[in-house]
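Quick notes on the structure that follows.
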Amino acid sequence: MVFYIFRCNFAGMETTIILVRHGETVDNARQIMQGQTQGELNERGREQALQVARRLAGESLDAVVASDLHRAIQTARIIAEPHSLEVATTPLLRERDWGSFTGRYIPELKGEVWPDDIESEEALLQRARQFLIHITTTYPGQRVVAVGHGIINKAILAVYAGCAMRQVQRMMNAEVRVLTTTAERAASATAVAAATTPAAASAE
């Protein structure tokens with residue numbers, strides 16, 4: 001489990017976002033493209049979530065927020081339990097919609113032409129920006145755990161850093177990265193859209 005800390009100093013009340021990717025799922029292990037399907041943590045994924053919960057048990061947390069997909073909610077509830085916090089959900093944290101690629105075996109997607117029903121990178125980055133605005137305006141000056149997915153988390157980090165998604169190192173299952181930002185910065189954040197390929201995707 002790797003922890004990264006990013007900090008930007010801007011005027012306003014700083015919100016600390018403890019960004020987490022959900023634990024490993026049954027379909028992660030099978031290399032199936034989950035997209036916006038619900039997913040289910042496997043035994044390893046539940047243990048990964050418990051490790052994060054133990055690591056954060058002594059931390060001061062004000063809220064726990066998750067994607068409204070089951071695998072993220074499962075992870076968030078395990079993390080929230082030591083703090084007796086309820087888990088709030090938001091569709092802004094949902095994984096990328098992989099359209100017709102959903103449910104496919106990922107190694108078989110290499111070289112295939114992308115169908116038109118995949119969520120565009122521009123739309124994904126806009127959703128990531130809306131998430132940062134939502135968290136910093138809803139929880140100003142607070143410490144919030146946010147449990148998302150591999151690709152949406154990558155988009156959030158790209159918007160936060162103002163860079164292309166391909167420049168952001170992919171988060172592994174149950175990996176944690178800590179961001180400190182403000183509503184003002186979130187509202188002015190931009191990211192550089194750059195084409196991604198199915199070969200670079202994973203069973204998020």
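Basis for what follows: all heavy atoms, side chains included, without hydrogens, waters or symmetry-related copies.
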Exercise for the section: Would you please test Thr90 and His134 for side chain to side chain donor-acceptor pair (under 3.5 Å) and show each step? Expected result: CA-CA 10 Å; Thr90 173; His134 167 68; 4.8 Å; no
Handout entry: Note, Asn153 side chain near Glu175 side chain (heavy atom, < 4.5 Å)
Key = no
Handout entry: Minimum side-chain heavy-atom gap Phe131-Val159 below 4.5 Å
Key = no
Handout entry: Validation row: Val145, His83 side chains within 4.5 angstrom (heavy atoms)
Key = no
Practice task
Ignoring hydrogens and angles, tell me if any N or O in the side chain of Asp27 forms a donor-acceptor pair with the backbone of Met33 under 3.5 Å.
Solution key: no
Problem - Salt bridge present between Arg54 and Glu47 (N-O < 4.0 angstrom) - result: yes
Problem - Within-4.5 Å side-chain heavy-atom neighbours: Leu157 and Leu179 - result: yes
Problem - Minimum side-chain heavy-atom gap His149-Gln34 below 4.5 Å - result: no
Exercise for the section: Quick one: pull up CD in Gln126 and CZ in Arg129 and give me the separation to the nearest 0.5 Å. Expected result: 5.5 Å
Practice task
For Arg177 and Val168, run side-chain contact (heavy atoms from CB on, under 4.5 Å): C-alpha distance rounded to whole Å, both residues' side-chain angles, the deciding distance at 0.1 Å, then the answer.
Solution key: CA-CA 12 Å; Arg177 301 189 192 181; Val168 178; 4.1 Å; yes
Practice task
Identify which one of Val147, Asp68, Val64 satisfies the side-chain contact (heavy atoms from CB on, under 4.5 Å) criterion when paired with Thr89.
Solution key: Asp68
Handout entry: Side-chain touch Leu93/Ile156, heavy atoms, less than 4.5 angstrom
Key = yes
Problem - Non-hydrogen side-chain atoms of Ile152 and Arg94 separated by less than 4.5 Å - result: no
Exercise for the section: Look up atom CG in Leu61 and atom CD1 in Ile79, then write down how far apart they are to the nearest 0.5 Å. Expected result: 9.0 Å
Practice task
Find out if a path of hydrophobic residues (ILVMFWY) with successive side-chain heavy-atom gaps under 4.5 Å connects Leu56 to Leu50.
Solution key: no
Practice task
Flag the pair Thr182 / Thr136 as yes when at least one side-chain heavy-atom distance between them is below 4.5 Å, and no otherwise.
Solution key: no
Exercise for the section: Determine whether Val26 and Trp98 fall in the same hydrophobic cluster, where Ile, Leu, Val, Met, Phe, Trp and Tyr are linked whenever their side-chain heavy atoms lie under 4.5 Å apart. Expected result: no
Practice task
Following the transitive rule for hydrophobic clusters with a side-chain heavy-atom cut-off under 4.5 Å over Ile, Leu, Val, Met, Phe, Trp and Tyr, establish whether Leu19 and Ile73 coincide in one cluster.
Solution key: no
Exercise for the section: Examine Leu69 and Phe101 and state if one hydrophobic cluster contains both, with Ile, Leu, Val, Met, Phe, Trp and Tyr joined whenever side-chain heavy atoms are less than 4.5 Å apart. Expected result: no
Practice task
Taking Gln38 for its side chain and His70 for its backbone only, find out whether a donor-acceptor pair lies under 3.5 Å.
Solution key: yes
Practice task
Heavy atoms only: give me the nearest Ala66-Ala72 pair and the separation to one decimal.
Solution key: CB-O, 3.9 Å
Exercise for the section: Give a yes or no answer on whether the side chain of Arg21 reaches the backbone of Met171 with a donor-acceptor pair at less than 3.5 Å. Expected result: yes
Exercise for the section: Please answer: with hydrophobic residues joined when any side-chain heavy atoms are less than 4.5 Å apart, are Ile118 and Leu109 in the same cluster? Expected result: yes
